[in-house]
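Right, one structure below, let's go through it.
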Amino acid sequence: MWILRYAIPGAVCLAGLLMLVVLPAPTSVAAAGALVGAGLSIALINWMFRMGAEGDKERAREEAARDYFTEHGRWPDDRPR
């Protein structure tokens with residue numbers, strides 16, 4: 001997972017920056033910008049996917065709390081009477 005989250009976007013961004021340093025021609029500047037943008041896009045998509053997966057965990061916790069409420073008549077974090 002570490003490779004997908006950090007290494008691939010970092011490698012793409014690094015390739016763009018290296019292209020900018022090694023070949024400072026106008027076309028290389030545009031290509032370097034495209035590579036850096038692609039690397040940042042990969043990182044953003046990974047971040048958005050992780051945020052969506054966190055929502056699934058939160059929904060599962062809420063469903064478990066509702067099941068507990070149905071069974072016991074109170075929420076899990078309430079003090080017993």
Side-chain angles (χ1 to χ4, degrees):
M1 283 307 240
W2 184 87
I3 291 173
L4 288 175
R5 289 183 183 167
Y6 305 109
I8 292 174
V12 174
C13 286
L14 183 64
L17 293 175
L18 286 176
M19 180 180 285
L20 185 63
V21 171
V22 173
L23 304 169
T27 55
S28 298
V29 171
L35 281 172
V36 170
L40 293 174
S41 295
I42 294 168
L44 180 63
I45 288 171
N46 284 327
W47 178 76
M48 290 173 65
F49 180 78
R50 286 196 314 269
M51 292 300 111
E54 287 295 318
D56 291 342
K57 291 177 187 175
E58 186 175 330
R59 279 188 287 279
R61 284 193 303 268
E62 178 69 23
E63 184 178 346
R66 289 181 185 274
D67 291 341
Y68 184 90
F69 180 79
T70 302
E71 185 177 330
H72 296 96
R74 62 181 176 85
W75 291 104
D77 55 355
D78 287 345
R79 287 182 295 168
R81 295 181 189 170

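Since the structure is predicted, the reported quantities are computational estimates derived from the model, not experimental observations.
Heavy-atom neighbours of E58 CD from other residues, nucleotides or ligands within 6.0 Å: at or below the threshold of 12.
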Start with the C-alpha distance between R50 and E54, add both sets of side-chain angles, then the distance that settles salt bridge (Lys or Arg N to Asp or Glu O under 4.0 Å), and finish with yes or no. CA-CA 6 Å; R50 286 196 314 269; E54 287 295 318; over 6 Å; no
Take L40 and L44 through the test side-chain contact (heavy atoms from CB on, under 4.5 Å) and record every step on the way to the result. CA-CA 6 Å; L40 293 174; L44 180 63; over 6 Å; no
Starting from the C-alpha separation in whole Å, work towards a yes-or-no answer on side-chain contact (heavy atoms from CB on, under 4.5 Å) for Y68 and R74. CA-CA 7 Å; Y68 184 90; R74 62 181 176 85; 3.0 Å; yes
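Between A31 and M19, the shortest heavy-atom contact is CB-SD, 3.4 Å. Annotation for C13 and V36: closest pair SG-O, 3.6 Å, computed over non-hydrogen atoms. Taking all atoms of both residues into account, the shortest heavy-atom contact from P9 to L4 is CD-O, 3.7 Å. When all heavy atoms of W75 and F69 are compared, the closest pair comes out as N-CD1, 3.7 Å.
Residues L35 and Y6 share a hydrophobic cluster, clusters being chains of Ile/Leu/Val/Met/Phe/Trp/Tyr side chains in contact below 4.5 Å. Cluster membership for W2 and I45, using ILVMFWY side-chain heavy atoms within less than 4.5 angstrom, is not shared. M48 and I42 are members of different hydrophobic clusters when ILVMFWY side chains are connected at heavy-atom separations under 4.5 Å. With hydrophobic clusters built from ILVMFWY side chains whose heavy atoms lie under 4.5 angstrom apart, L17 does not share a cluster with L23. Linking ILVMFWY side-chain heavy atoms closer than 4.5 Å, directly or via other members, places V22 and L20 in two distinct hydrophobic clusters.
Atom CG of residue D56 and atom CE of residue M51 lie 12.0 Å apart, to the nearest 0.5 angstrom.
Here E63 does not pair with R59 in a salt bridge; the nearest charged N to carboxylate O distance is not below 4.0 Å.
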